[in-house]
Amino acid sequence: MRDVLVMGMGTSGLVAALRCQEAGLKVTLLAKGVGSTHLAPGTIDVLGYDPELVENPSEALPRFADRNPEHPYARIGADVVARSLEWFSERFDGYRYTGSVDENFLLPTAIGSIKPSTLVPETLAAGDLRKGGRLLFVGLRQLKDFYPALTAQNVANAKTPSGADISARAVQIEPPISGEADVTGLALARKFDDPGFLDAVATQISALVDGDEAVGLPAVLGLRRPREVWEGLQEALGRPVFEIPGLPPSVPGVRLHEILVAQFESAGGRVVVGAEAVGADTEGDRVTAVRVAAAARIKPFVARHFVLATGGFGSGAIEMTSSWKVRENVFDLPVMGVPADGQRFSPRYFDRQPMGRAGIRIDDSLHPLDGSGRRLYANLTVVGACIAGSEAWREKSGEGISLSSGYKAATTVIEEAM
Amino acid sequence: MKSVQTEVLVIGGGATGAGVAWDVATRGFDTVLVERKDLGEGTTGRFHGLLHSGGRYAVKDKLAAEECIHENLVLRRVAANTIENTGGYFVTTPWDDPAFGDRFMEGCRDCGIPVEEIAPPDAFRAEPRINRDISRVFTVPDAAIDAWKLVWDCAKSTKEHNGKILTYHRVLDILRTGDVVRGASVRNELSGEEFDVHADVTINATGAWAGKVADMAGCPGVQVLAGKGIMIAMNHRLVNVVVNRCTMPADGDILVPIRTVSVIGTTDIRIKDPDEPDVTQAEVEQMLDDGEKLVPGFRRARALRVWAGVRPLFKDVRAPETSDTRDVSRSHALLDHEARDGVTGFLTITGGKLTTFRMMAEETVDKMCEQLGTRRECRTSIDPLPASRTGKFYWLGERLSKREATMHEDQLICECELIQRRNLERVMKQRSSTILDDIRRAVRLGMGPCQGGFCMYRATGILHDVERIDSWTANRSLRDFLQERWKGVQPILYGDQLRQARLDDWIFHGVLDVEHLPTDRLEDRAEREHP
Amino acid sequence: MIEDLIRGSLDHCVKCTICETHCPVSRATPLFPGPKYVGPQAERFRSGDVSPDDSLDYCSGCGICTQVCPQGVKVAEINSRARRTLKESRGIPLRDKIISRPTLSARLATPVAPVANWSLRNKLIRAAVEKTIGVHRRAPMPKFAGRTFQSWARKHDAPRLDRSVVYFHGCSTNFFEPDLGAKTVAVLEHNGFNVIAPRGQGCCGLPLQSNGLFDDATGYVERLVAKLAPYAREGYDIVATSTSCGLMLKREAYEILGMESDDLRVVSERMYDICEFLLDLQERGELETDLSPVPMKVPYHVPCQQRGHEMGKPAVDLFRLIPELQVVDTQRACCGIAGTYGLKKEKYDIAMEVGRHLFEDVTRMEPEVSVCDSETCRWQIEHGTRIRSVHPIELLHRSYEL
């Protein structure tokens, strides 16, 4: 008998599944496809703007939750966010994460803005600009997803709260890749896994560095052995090196995905990819099975507990039709906060977008609620991007919500199962 | 103050103005064209892309139909490169009167439009998505035409004949001495520089804005109605021939396969200000419902972008007041202000449709020659435009097949529309514009499914390198583009395009944090001026 | 409608590129621009029977892209259908027509198996074959068994059991691996199933389909499902040991060939991959669990076509029931062969590069056997490792001590 069925393998689903499996439950992780990990920068951004820059998330979170009672963090709780970060960090050795809920790094993005992130791969941390610094941005000719000159100029113009001095310049190198003008970040990362390639790149860069500059490269420093690649490059250059995440597919995101999936499978978890949850069987306030579309047939997946981690509007887990009707596709859960006609979006792109906050309402143990606040299913928890109440990409809270809600759903499931 | 001297000044850089400049220049006159924005930025670039066979007017407006088929055949010769020879169907859906088909056939034959009725099953085999309840199908030589390529090619020919094309030059006033118009004073919108263009003849080719320019010349009462039409581009080719409803022209009755998309159009609503056409939810709904009648499942298919164009309809002051602009003549109007207002050196050409732009230009320049007392033969029906000299039609697979040949040597920047880096850099240098939206129109950058989600970051980085602009300008270009794109996608954000918008939000906010890029004082000022 | 189902699915593509991060071919060669590129992206530039892009042909058709796509784009199916147009517009080489008809050559070769096997392993002959028709001289070729599974089944003394299941053994079991068929029958009988192996089971048409010969493939499917449909209508489940052929009848006949027929529908609804079938038994508590220890450590490779069943890794779940059996999931994407892809002169090296990491993993473990559900993959893995590769049924058979 399966104990838990987790639907969706973005960060929230992976975390919920891994934590339940580690607790001794039998978990199946079901996914329509590979999830949002590949699209995100691989950092855990807990809270970056409120709407002013947040320097200390643990300090900001309680106030933030008070002022935004419908926000996922108000349900999850600041203490759980902190615990989930610790749990997450412990899952990574070799390729490690660094940071704590008490501070935000300020890391350069691939266009040169400065983004607050809470827990980041060690390979990114030296880009932190809170104390200013002298940076050299290195572009790789064959990679169309990084423009070091623009990044450097923007970073040099950036203003940090401390007002510390930042200087930045850019160079471009051409790694030895014969006959290919257009190489993806992931292909480059695989090449960096090869020590010979790394040496060649290090030699090129070492001729260009100056003074005490730290060296920033697009986040392509290895896929299977990123830590060795990063350390090798630091050693060869004799200075800090940092990666800058860019357009999807994100190499740090792929690393995160592969590490968590491998842990889940080696703990005995079952993964079914390519199969979409399309409906559910329920009895009263309990879900008995989820119906899954596999080749040639719809199969019921029976379990005692279900975790909905299918994502929000971005994955199609919640859809809006051309008649502006909104539906959650597995359980037909009520979607809250959908603005009326004419008010879904502001005509100005950089305004707050009301539609952004629509989603599933949950209680403090992450069970879904109906419009009157009544718990709908006692053995279903809802995690990640389908939860209502946040405009995660603006707040820089997406991965924080995913991680902490996945963590908390596991707590709920484990408590109820044991 | 600097001034420019020319024989002919053309005001307006849409198809009409570009066509007039092409005609004037190829007849050997000195020519300057001024356009307040970019070429093809207005009505010209905001239509569905149909090169009419004339079938649409065959019953209602024989003159228009005859003009269309004549020009259709001419443009296939002189502007082949801008045309995809898709062919067209007129179909009788369950909502249309089957008997209209007979009048349609008769009308087409009267106007010389090659028409043939085919068996619906044959049409369904060729176009498996169209409504299986269609009872009659007629084929006509409709085609798809790329208006941006067309105007830029007219401009290129104009330049080859020593003409000047001044984009982002706004007319501030028409220069008039007594009863003679002597040109216009203009402002370079990018540099702020103001100067006069002195011309022997000034031609007002400003479409829906023609009344305003005529007013400046002291020729009041030129009434051009602005008829708003919305169009929705669907993500891919739902059909590969133009599909028209076989009925009296109405809303939502044409589906045009153009380039990689299919465009459904259009509505017709009279508006006061041609500068501010908005798109309402009701109009979107109407287009989707109409699309569903032609292609079942249309509402589930992915909409990419919606826009509104403003067609100029010259109003005969003697006709009764009407609110449906479709009943006003579609045919163009050439105003001889010498005869009308006693003002010489000034002509206004307005109305018409893209299909007949060349003919309108020819008539206008003939009239100009007549006024100047000179005879020069029109070349535009004889000499192909520069990019069309091979006489080859555009075909859908063109970019894919080109990319195939250079895949290992060049980077693909816009993956949806298959735009390679070298081409993009070349166009950026040529246009010398820091406005990404201009680059979009030039190469269709960011016009595919992701609407710039992936390529706009790349294009900004490349623009910054190629044009050697500072980071403030680059940032502003990106942000302006994102705002411009948002205007076009926001009203159709449902289904797949909403998923895309959400991923694009993650890219621009979650990964790049464009919102918090450093801003300079210029941008702060712009924010204050346009809150 | 196939246009909506497959081409229409490109509407779901948000360009996220997840498919390209998983593509085993574009990783191995720059000649293939990747599944997103040739799939939902290039498809917008295709119409009618014109085919603008040849690089499409480097897609091996493994189908991983479709499985990992989080948006539901039928990437591999778009590519397969476009490849048909490509092949038709360029002309299908004789080589492809031959290698896509394994039953034909197998029927001819079986009576003279020693000669046929000798020829397939003779370097001079293979060099000549490479030169004349373009099958790579080193490409893996299975050995003709010299007898067929059907001839075994006819002589097989079946026990009388309460329930029955139909066995769709496919060509490879019949001509190349009749032992696998016999072991499958034994395992099923041990679990209380009378096994019906309908005679005259032809090819499922998959090799024809992957070589762009859709009309021929459709004919093969029609004939095959006509044989199987009567059983399905009577309510018998059908099990397949050839995971790719099973998938052909479950899904690809609809989604690539665009077929719609009652026979196909009833057959696909009843079609189970053998491991899927056994795992379902286990989940219902109906699987015999008198499994003896198999003290081995073996590498297991999930074939791409098995992922297409969208059922996880049932073989791994079954192996967990076998005491002392240690199975290492190699987690490698693809062995490279993709049916007939790796046989072709111009693609052999790419296929070997695709499989390189898998071969290295397997070789490093020095196992007695490696395990994989798909026959062409097993032949490729044997070719790349010189280590025997077996179907999961072999381990169950061993554990049941049958």
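As a basis for the values below, the full set of heavy atoms in this structure was taken, side chains included, without hydrogen atoms, waters or symmetry mates. Remember, it's a predicted structure, so these values are computed and weren't measured experimentally. Residue numbers start from 1 in every chain, and the chains themselves are labelled A, B, ... in the order their sequence lines are given, proteins ahead of strands.
Contacts from residues 248-255 of chain A to chain C, taken as heavy-atom pairs separated by less than 4.5 Å, involve P248(A), P249(A) in sequence order. Contacts between residues 304-326 of chain A and chain C, defined by a heavy-atom separation under 4.5 Å, are made by G314(A), S315(A).
Residues L279(C) and R270(A) share a closest heavy-atom pair of CD2-NH2, 3.7 Å. Between S268(C) and A296(A) the shortest heavy-atom distance is O-CB, 3.4 Å.
Using a 4.5 Å cut-off between heavy atoms, Q71(C) touches chain A through backbone and side chain atoms alike. For Q282(C), no part sits under 4.5 Å from any heavy atom of chain A, backbone or side chain. Proximity to chain A (any heavy atom under 4.5 Å) is restricted, for L247(C), to the side chain, taken from C-beta onward. Contacts between C16(C) and chain A at a heavy-atom distance below 4.5 Å involve backbone atoms as well as side-chain atoms. Heavy atoms closer than 4.5 Å to chain C are found nowhere in A262(A), neither backbone nor side chain. Contact of R320(C) with chain A is made through the side chain alone, with heavy-atom distances under 4.5 Å.
Annotation: side chain of K313(C) is not in contact with side chain of V271(A) (no heavy-atom distance under 4.5 Å). At least one side-chain heavy atom of V34(A) sits under 4.5 Å from a side-chain heavy atom of H22(C). Side-chain contact between T21(C) and H38(A) is present, with heavy atoms from C-beta onward closer than 4.5 Å. No side-chain heavy atom of E258(A) sits less than 4.5 Å from a side-chain heavy atom of Q331(C). Residues I18(C) and L39(A) meet the side-chain proximity criterion, which asks for heavy atoms closer than 4.5 Å.
Here L186(A) contributes atom CG and C23(C) contributes atom SG; the two are 11.5 Å apart, rounded to the nearest 0.5 Å. Rounding to the nearest 0.5 angstrom, the gap separating the CD atom in E269(C) from the CD1 atom in I298(A) is 11.0 Å.
Classification of R297(A) and E276(C) as a salt-bridged pair holds, one side-chain N sitting under 4.0 Å from a carboxylate O.
Considering only heavy-atom pairs separated by less than 4.5 Å from chain C, the leading option among V292(A), V183(A), V273(A) is V273(A). Taking chain C as the reference chain and counting heavy-atom pairs below 4.5 Å, the highest number among K299(A), E276(A), M9(A) is found for K299(A).
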Residue pair E310(C), K32(A): steps toward the salt bridge (charged side-chain N to carboxylate O under 4.0 Å, His left out) verdict:
CA-CA 9 Å; E310(C) 295 153 349; K32(A) 179 179 174 185; over 6 Å; no

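Annotation: E260(C), atom CD; neighbour count of heavy atoms from other residues, nucleotides and ligands within 6.0 Å does not exceed 12.
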Distance-only check: which donor-acceptor pairs under 3.5 Å involve side-chain atoms of residues 29-39 of chain C, not counting sequence neighbours?
{"unit_1": "T29(C)", "atom_1": "OG1", "unit_2": "L31(C)", "atom_2": "N", "d": "2.9"}
{"unit_1": "K36(C)", "atom_1": "NZ", "unit_2": "E415(B)", "atom_2": "OE1", "d": "2.5"}
{"unit_1": "K36(C)", "atom_1": "NZ", "unit_2": "T17(C)", "atom_2": "OG1", "d": "3.0"}

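For D281(A), the side chain to side chain contact (heavy atoms under 4.5 Å, CB included) partners are T288(A), A289(A), R291(A), not counting sequence neighbours.
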